[in-house]
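In what follows, a structure is listed as structure tokens, so that the remarks can point back to it.
Numbers restart at 1 for each chain; the letters A, B, ... are given by sequence-line order, proteins then strands. The basis for the numbers below is simple: all heavy atoms, side chains too, and nothing from hydrogens, waters or symmetry mates.
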Amino acid sequence: MPLTLATWNINSVRLRMPLVEKFLDQWQPDILCLQETKCPNDQFPSSPLNARGYVHQAIHGQKGYHGVAILSKIPLDDHTKRDYCNVGDSRHVSALFKVNGRTIRLHNFYVPAGGDEPDRAINPKFGHKLDFIEEMKHLDAEGEAETSSILVGDLNIAPYENDVWSHKQLLKIVSHTPVETEGLKEVMARGKWLDLIRHRTPEPEKIYTWWSYRSANWQLADKGRRLDHIWSSADLGPHLTSTEIVREARGWDRPSDHVPVIIKLDI
DNA sequence: ATGGTTGAGCATCAA
């Protein structure tokens, strides 16, 4: 049975609902995970989603900042959320779903960006990011009996050399510093997670999912980073049939600075 | 080395 799953940092779900609708109509994923919805739960624009069959929604938002949501055509059970670092941010939500008799735990993350200065002694936001990553090291892809796992989201770290436009020039730039990239690799190793996008498209091929608003001519300069990820437990690896980075979405009218990342599994 | 843009919500802060 085919399963299509997408993740997208939307940078305000209310402002960009027309783009969400366009994406859903054209790509028709079974499940869409959003980050940076910037929207309180009671103001979430559910109607256009219900009209398209995404009637199963695990929404965890807050006013003004952060916010994550799982929007699904497949029934979701056991919605849970975890307050990483105990600071009250809406940065994680998870749910269970079933495909062809297999139970899958889906985690949707929005990891803190970490500010500009990669030194926790002078930048508390960077310390918060490192603490968040440390806490993620306890998340095991095989942690629940008889359950596969998928982890998606804006992890705000580009872990490999070819996840950025220039490895050397970004080594001291937050998102690609060694303490972050090694930390994220440790999250993957300890939790036995498989990076499905790199599994399909190994290094040294460049992959980007984000281009800054601050550089004019993003397309020509192409100074991107791979900040958005889809991981799974190892058992799902052989079921991966395709991956896609929807680069064209960066060129849509009033775009997010992130683009959708999609996997297809045959389960 | 610096500055560049966007969004929430109304002065800045976060990214």
Rounded to the nearest angstrom, tell me the gap between atom [atom1] in [X] and atom [atom2] in [N].
X: W211(A); N: dT6(B); atom1: CH2; atom2: P; value: 17 Å
X: I173(A); N: dA1(B); atom1: CD1; atom2: C1'; value: 12 Å
X: R16(A); N: dT5(B); atom1: CZ; atom2: P; value: 16 Å
X: I10(A); N: dA8(B); atom1: CD1; atom2: P; value: 11 Å
X: M17(A); N: dG7(B); atom1: CE; atom2: P; value: 17 Å

Quantified in whole Å, what is the [atom1] atom distance between nucleotide [N] and nucleotide [M]?
N: dT5(B); M: dG9(B); atom1: P; answer: 23 Å
N: dG3(B); M: dA8(B); atom1: P; answer: 26 Å
N: dG4(B); M: dA15(B); atom1: C1'; answer: 13 Å
N: dG7(B); M: dA11(B); atom1: C1'; answer: 14 Å
N: dT6(B); M: dC10(B); atom1: C1'; answer: 16 Å

Checklist entry - Among T7(A), N11(A), N9(A), which one satisfies side-chain hydrogen bond (donor to acceptor under 3.5 Å, both in side chains) with Q35(A)? => result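 Of T7(A), N11(A), N9(A), side-chain hydrogen bond (donor to acceptor under 3.5 Å, both in side chains) with Q35(A) is met by T7(A) alone.
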Item to check | Sequence neighbours excluded - salt bridge (Lys or Arg N to Asp or Glu O under 4.0 Å) pairs with any residue from residues 199-214 of chain A | outcome: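 Salt bridge (Lys or Arg N to Asp or Glu O under 4.0 Å) check on residues 199-214 of chain A returns R198(A)-E203(A).
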Item to check | salt bridge (Lys or Arg N to Asp or Glu O under 4.0 Å): pairs with one or both residues in residues 148-160 of chain A, sequence neighbours excluded | outcome: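 Passing the test, one end in residues 148-160 of chain A: no pairs.
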Side chains of [X] and [Y]: is there a donor and an acceptor less than 3.5 Å apart?
X: S148(A); Y: R105(A); answer: no
X: H258(A); Y: D228(A); answer: yes
X: H176(A); Y: H167(A); answer: yes

Checklist entry - When every nucleotide of nucleotides 9-15 of chain B is labelled 5' to 3' by its protein contacts under 4.0 Å (heavy atoms), B for base, S for sugar-phosphate only, - for none, what sequence of letters results? => result S----SB
